[in-house]
Structure formats: structure tokens, C-alpha cells
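Report on the following structure.
Order of the sequence lines sets the chain letters (A, B, ...), proteins ahead of strands, with each chain counted from 1.
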There are 2 protein chains.
Amino acid sequence: MNKINIKYLAKELNLAISTVSRALRDSHEISAATKAKVFALAKELNYEPNPNASGLRGQKTKMIAVVIPDMVNDFFSLVISGIEKITQSKGYHILLYFTHGDHELEVSFIKTLANGRVDGVLLSMSSENNNRHHLGELEKKGIPLVMFDRVCDTLQHVVKVTTDNYESAVIATRHLIDAGCKKIAYLQVHKNISVGKIRMKGYLDALQQHSSQASPLVLESANDNEETFQFLQQMLIKEKPDGIFASIEKLAVICYRVCEKIRLKIPEDIKVISFSNLQTASLLNPSLTTITQPAFDIGETAANELFQLINRKDKSVAVERNVVLKSRLIKGRSTARN
Amino acid sequence: MNKINIKYLAKELNLAISTVSRALRDSHEISAATKAKVFALAKELNYEPNPNASGLRGQKTKMIAVVIPDMVNDFFSLVISGIEKITQSKGYHILLYFTHGDHELEVSFIKTLANGRVDGVLLSMSSENNNRHHLGELEKKGIPLVMFDRVCDTLQHVVKVTTDNYESAVIATRHLIDAGCKKIAYLQVHKNISVGKIRMKGYLDALQQHSSQASPLVLESANDNEETFQFLQQMLIKEKPDGIFASIEKLAVICYRVCEKIRLKIPEDIKVISFSNLQTASLLNPSLTTITQPAFDIGETAANELFQLINRKDKSVAVERNVVLKSRLIKGRSTARN
DNA sequence: CTGTTAGCGCATTCAC
DNA sequence: GTGAATGCGCTAACAG
């Protein structure tokens with residue numbers, strides 16, 4: 001098993017190493033004939049340049065890191081698909097890291113990445129309002145960073161790609177109000193997620209400004225699906241809302257099941273709208289209206305922003321930019337039974 | 001912005017480069033005092049070894065590649081989560097590639113990987129019964145390979161991790177037969193996926209051996225969900241099966257919706273069992289029985305197998321092993337309304 | 001216990 | 001147009 005490197009190619013062709021190197025990079029100072037010979041042999045032997053060597057030499061790795069909390073929901077799967085599309089087209093490689101919501105792990109990843117392992121970093125934070133000192137490390141080393149979805153509000157001089165969580169929550173709530181709902185409940189995830197809070201603020205503000213509803217009605221999901229099911233059932237029976245706004249799709253699915261059990265027809269008896277990335281909920285019931293985040297777009301956009309940073313000439317000037325992508329409201333059918 | 005490398009550390013501490021290097025690797029031939037000094041400064045300056053340099057030197061990259069078709073279904077998300085757990089614990093990094101079912105892309109990825117970019121490769125094939133010449137390239141370069149889920153049956157001397165698709169399909173079908181179903185339909189994905197074929201074979205064999213059902217009843221899904229919905233509805237009305245075996249979860253969800261529309265109660269009127277990775281279907285209806293693939297386990301197992309190959313001493317002997325993981329049958333509740 | 005040296009594979013500068 | 005030499009940062013063999 002002989003190692004195929006430019007040295008080997010050079011020896012085979014009776015050329016100097018540097019000549020082979022230049023030929024492979026299609027340098028204009030190499031004759032066409034020589035280039036042809038080199039290319040031919042390289043192809044025949046399946047030569048691939050050693051990435052460590054060229055990385056070490058050129059301070060370029062052709063790799064970017066993607067750091068996300070995890071992959072349990074389809075949102076990040078879609079984001080990564082978008083990232084992959086761009087990365088692939090640029091001839092780059094993706095290094096993938098999961099923080100599992102652990103800030104320490106995030107810090108440790110970023111530190112490791114800060115020494116020339118990658119040309120750039122795409123980050124969705126493990127948790128918000130944390131120490132963000134570690135991100136400065138990247139900047140110090142001149143490694144571009146783009147944050148997406150779970151961004152750090154207080155951090156300046158960084159490119160951020162997010163969605164209009166507040167606005168779309170307002171739109172969703174207004175959608176129910178405009179449809180005639182007088183009592184709208186908001187199904188909230190129990191965790192302390194800022195995205196959820198922002199959405200709830202949209203719900204609250206829309207309610208206050210556009211509805212006569214006396215007070216908001218918020219239900220936090222329990223740890224367990226079955227428990228959430230029970231809570232929701234109690235709430236629906238006791239409070240009798242005529243509109244439901246679910247902050248995530250899973251809650252809409254549970255809600256759907258409760259409605260079925262207690263014989264509430266959607267959308268005749270109660271209207272439901274939900275944030276959603278996958279189409280399970282709407283597949284389940286085409287009458288369900290969804291607010292769909294452009295997850296794939298977020299990935300594409302974030303990756304494109306990162307490559308702009310990687311390729312720009314003057315790295316000394318910090319770039320700050322906020323890209324906000326719009327969610328789409330996909331209306332369900334007007335009757336439950338198609 | 002001064003570059004922090006061992007050379008810089010050495011100069012600062014008035015030590016030789018090699019001493020610093022050894023100290024950082026905690027070599028036993030360095031005095032405790034020196035080690036302490038080196039560690040202190042390294043930590044202070046946030047020193048991280050340059051991976052290209054150590055990779056080039058030691059022919060180790062601390063990276064593995066994961067090559068999968070895509071991420072659109074949750075199966076591969078779960079697999080990756082399992083891989084990540086192991087990879088993380090070994091201090092390794094994951095390079096992620098999507099083939100999008102394109103065999104040419106798979107070949108191109110593997111070729112690129114074959115030149116020292118990674119220490120090992122985890123592969124789920126883009127499509128089956130294809131040219132597998134490119135995999136020989138990895139072997140030639142001594143880069144270990146572990147295949148999972150979509151493996152190449154005809155390829156010898158390779159470690160493969162799969163699930164018991166045939167057996168679990170038999171079990172699923174028998175489950176319906178034992179529950180008293182006399183006419184069981186199989187919902188098949190329209191694509192030419194071998195996993196789907198294997199499952200159908202399990203259905204057919206179980207039917208033939210254990211049921212008095214005159215002939216099998218197979219429905220292929222259409223391109224479009226709504227179309228599939230219509231087809232399925234027609235089939236249920238016309239054929240009146242009392243059991244449904246769905247090869248993927250999405251089909252079970254659609255089936256569920258059809259049943260609801262034409263007022264068939266699950267499981268009283270019709271029993272449904274489905275392959276599933278996520279819990280959407282069973283969340284939807286706790287009476288649904290599912291065959292759950294151990295997706296996370298597949299990831300863990302495949303990664304563990306790969307690291308065994310990476311770390312073993314004698315790389316000259318080819319290893320062949322087939323690890324088959326068992327799917328779990330999760331019984332739904334006996335009544336639809338809880 | 002510590003220092004000197006060579007070389008991993010490649011790209012680039014300088015010679016010719 | 002081509003060849004020879006240098007160094008990217010690190011590790012390991014060899015000295016002392």
C-alpha cells in the first residue's frame with residue numbers, strides 16, 4: 001500500500017514536487033503537456049491531496065463547525081439540511097457538535113474549534129443569557145461566527161439569523177381573533193426557553209390590543225405527554241376556550257387528541273393554530289392552521305452569511321447584521337372532514 | 001494577535017519546543033515543576049494544539065465521517081444522536097455528509113475521505129445494489145468502515161449493523177393474526193427501498209404460514225399524502241380489512257385519519273400496527289401498536305464497532321461481523337379512548 | 001530530565 | 001517552464 005502523494009506522483013513522472021503541485025492547482029506557469037500528464041496520473045491513482053498538509057500550509061481547513069443543542073426535533077434537522085446544501089456547493093465539510101443544552105460543553109467545543117480546526121462556526125446557543133466570553137476567543141483568532149435561532153441578544157458585532165417569533169405569534173393570535181375566537185388559550189412548553197417566551201409575549205400583546213378577552217389563558221406542558229393530556233383536558237372542560245394557540249407541534253397533537261376524546265370538533269367548536277416544522281399535525285388534521293418556520297432557509301441563510309465572512313478580504317472590521325426570516329402561516333381547511 | 005503554539009509557549013518559558021510538547025502530553029520524562037509551568041501558561045493563553053499539524057504528524061485526525069442519505073426522517077436524526085454520544089466520549093469529531101440518495105455523490109465523498117481526512121467511516125448507503133468499488137478504496141488506504149441500516153448485502157469483510165426488519169415484520173403480522181384479524185392489509189411505501197421489501201416479505205410469509213387469509217392485500221402509497229388518503233379510504237371501504245400493518249409511521253397517521261373519517265374505531269373495528277421511530281403515531285392514538293426500531297442504539301453500536309476497528313492493533317486482517325439489533329413491539333392500549 | 005533534529009505533505013519563494 | 005529549498009506546527013527518535 002504505497003502512499004499516493006505529490007512526492008510519489010513526481011517520482012513516477014520524473015518531475016519536481018513543486019511542478020506537480022503547481023500542475024494540480026492548474027497554475028498558468030506550467031505547460032499544457034505537463035499538466036495533462038499530471039492530471040492523468042493523479043486520476044489514475046485516485047490521488048487526493050492530504051487535507052492536513054494543505055490545511056497546515058495554507059491555514060485553511062475547508063471545514064465549518066455546526067454547533068446545535070441537539071437533534072431531537074425536526075427543526076434542527078431541517079436547518080442542517082439547509083446548511084449542508086450550501087456547504088456542499090462550496091466544497092466545504094461540516095463538523096457537527098451537540099451541546100445537549102449544556103453550556104459547559106458549548107464552551108469546551110468553541111475552545112477546541114478556536115485553534116484552526118475550522119474556517120468558521122455556525123452556532124445555535126445551548127441556552128440563553130449565559131456567559132459569552134468563549135465567543136470572544138473565536139473573534140480573537142479571526143474565526144468567523146454566525147449565530148442562528150437561539151442567538152445572544154446582548155452580543156454585538158455578530159451576524160445573527162433568526163425568525164420572527166414575536167410577529168408570527170401576534171399574527172397567529174390575531175388569526176384566531178379575526179376568526180371570531182373570544183377565549184384563546186396559549187399552550188406553552190414548560191422549559192425556560194426564550195423563544196417560547198417571545199412567542200408568548202406575542203400572544204399576550206395581540207390579546208391585549210385586539211381582543212376583548214378578559215385575561216390570558218396559559219397552560220404549561222408537563223414533563224410527560226400523558227400528564228399534559230390530562231391537564232389540557234381539564235383546562236378545556238373547565239375554561240371552554242374557543243381558540244388554541246400551541247407553541248410547538250407536539251402540543252397541538254396532544255390537543256387534537258383531547259378534542260377528539262371530549263368530542264370537540266375542530267374547527268367548528270374550537271379553532272387550533274400551532275407552530276410547526278414538520279407536517280405531522282396538519283397531516284393529522286388538515287383543518288389545523290400552522291405557523292411554519294423556514295427552518296431550511298435558516299440553514300441556507302446562516303451558511304451563506306458565514307461564507308461571506310470567510311471569504312471577505314478585510315477581516316479586521318467586525319460585521320454586525322441581523323437577518324430575520326419570516327414564518328409562513330399555512331391556513332387549514334375550513335372544515336374538519338374533507 | 002500572536003499565534004499561540006508550542007513554539008511560542010517554549011519561548012515564553014525558556015524551554016525547548018519538544019519539552020513543551022512532552023509536558024503537554026503529560027510525558028513521564030518531564031519534571032512535575034516544568035509540567036506545572038507549562039500547563040499554567042497553556043491554560044492562561046487558551047492554548048489548543050493545531051489539529052492539522054498533529055494530524056499530519058501522527059496520521060490521526062480524531063475525526064470520523066458519517067455518510068447518510070439525508071435527514072428528512074427522524075430515523076437518521078436518532079442514529080446520529082447515538083453516534084454523537086459515543087464519538088463525544090472518545091474525544092472524536094463528526095464530519096457529516098448527505099448523499100441525497102445519489103450514488104455518484106456517495107462515490108465522490110468516499111473518494112475524498114479516502115485520503116486521510118478521517119480515521120474511519122460510518123456509512124448508510126445512498127441506494128442498494130450499486131457499484132461498490134469505491135468502498136475498496138477505503139480498505140486499500142486502511143480506513144475502517146462500518147455500514148448500518150442500508151448495507152450492502154453482497155459485500156464481504158465489512159462490519160454491518162442492521163435491524164431485524166424481516167423478523168419484526170413477521171412478529172407484527174402475527175400480532176394482528178393472534179389478535180383475531182382475518183384480513184390484514186399491508187401499507188407499503190411506493191419507492192423501491194429494499195428495507196420496505198424485506199418488511200413486506202415478512203408480512204407475506206407470516207400471512208401464508210399463520211393465517212387463513214386467502215390472498216395478501218398490499219397498498220402502495222402515492223406521491224402525495226392526499227392521494228394516499230383517497231386510495232386508502234377506497235381500499236378500506238371496498239376491502240374492509242380488520243387489520244392494518246403500516247410499513248412507516250406516516251402511513252399509519254394517514255390511516256388513522258381515514259379511519260376517523262369513515263368512523264372506524266381503532267382497535268375495536270380495525271387493528272393497526274406500524275413501524276415507527278418517533279412517537280407521533282402513538283401519541284396520536286395510544287391504542288396504536290408500534291414496532292420501534294432502536295435507532296439510537298444503531299448509532300451507538302455502529303460507532304462502537306468503528307472505534308474497535310480504529311483502535312485495534314493488527315489492521316491487516318479484515319473483520320467481518322453482522323450485528324442485528326432487535327426492534328421492540330410496543331403494544332397499544334386495548335381501547336381507543338383512554 | 002531536557003535539548004536538537006528530522007520529517008509528516010503541501011504550497012510558495014527564489015533560483016535557473 | 002521547471003527544480004530546489006523553506007516552513008506551516010507538531011511529535012518522536014536520538015543525544016546528552
* **ring-ring contact (aromatic ring centres under 6.0 Å, His included) against Phe296(A), all qualifying residues, sequence neighbours excluded** =>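 ring-ring contact (aromatic ring centres under 6.0 Å, His included) check on Phe296(A) returns nothing, list empty.
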
* Asked: What do you reckon, are the aromatic ring centroids of Tyr8(A) and Tyr47(A) less than 6.0 Å apart?
  ->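 No: the rings miss the under 6.0 Å criterion.
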
* **Ring centre gap for Phe109(A) and His134(A) strictly below 6.0 Å** =>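 No - the distance between ring centres of Phe109(A) and His134(A) does not fall below the 6.0 Å cut-off.
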
* To do: State whether Glu300(A) and Lys85(A) are salt-bridged, where the test is any N-O pair (Lys NZ or Arg NE/NH1/NH2 against Asp/Glu carboxylate O) under 4.0 Å.
  =>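 A salt bridge is present here (some side-chain N lies under 4.0 Å from a carboxylate O).
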
* Structure fact -> Going 5' to 3' through nucleotides 8-13 of chain C and flagging B where a protein heavy-atom sits under 4.0 Å of the base, S where only the sugar-phosphate is that close, and - otherwise, we get BBBBBB

* Asked: Atom CG of Leu13(A) and atom P of dT2(D): how far apart are they, to the nearest Å?
  ->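 Distance, rounded to whole Å: 12 Å.
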
* Tyr8(B) OH to dC8(D) P: how many Å, rounded? ->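 Between P of dC8(D) and OH of Tyr8(B): 16 Å.
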
Determine whether the side chains of [X] and [Y] contain a donor N or O and an acceptor N or O closer than 3.5 Å.
{"X": "Ser18(A)", "Y": "Arg22(A)", "value": "yes"}
{"X": "Glu106(B)", "Y": "Ser126(B)", "value": "yes"}
{"X": "Asp149(A)", "Y": "Ser124(A)", "value": "no"}

* Asked: Parallel, tilted or perpendicular for Tyr92(A) and Phe307(A), by the 30°/60° rule?
  ->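 Rings of Tyr92(A) and Phe307(A): perpendicular, as their planes differ by over 60°.
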
* To do: Five pairs at each end of the helix from dC1(C)-dG16(D) to dC16(C)-dG1(D): take the axis at both ends and give me the angle between them to 10°.
  =>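 Answer for the end axes of this duplex: 50°.
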
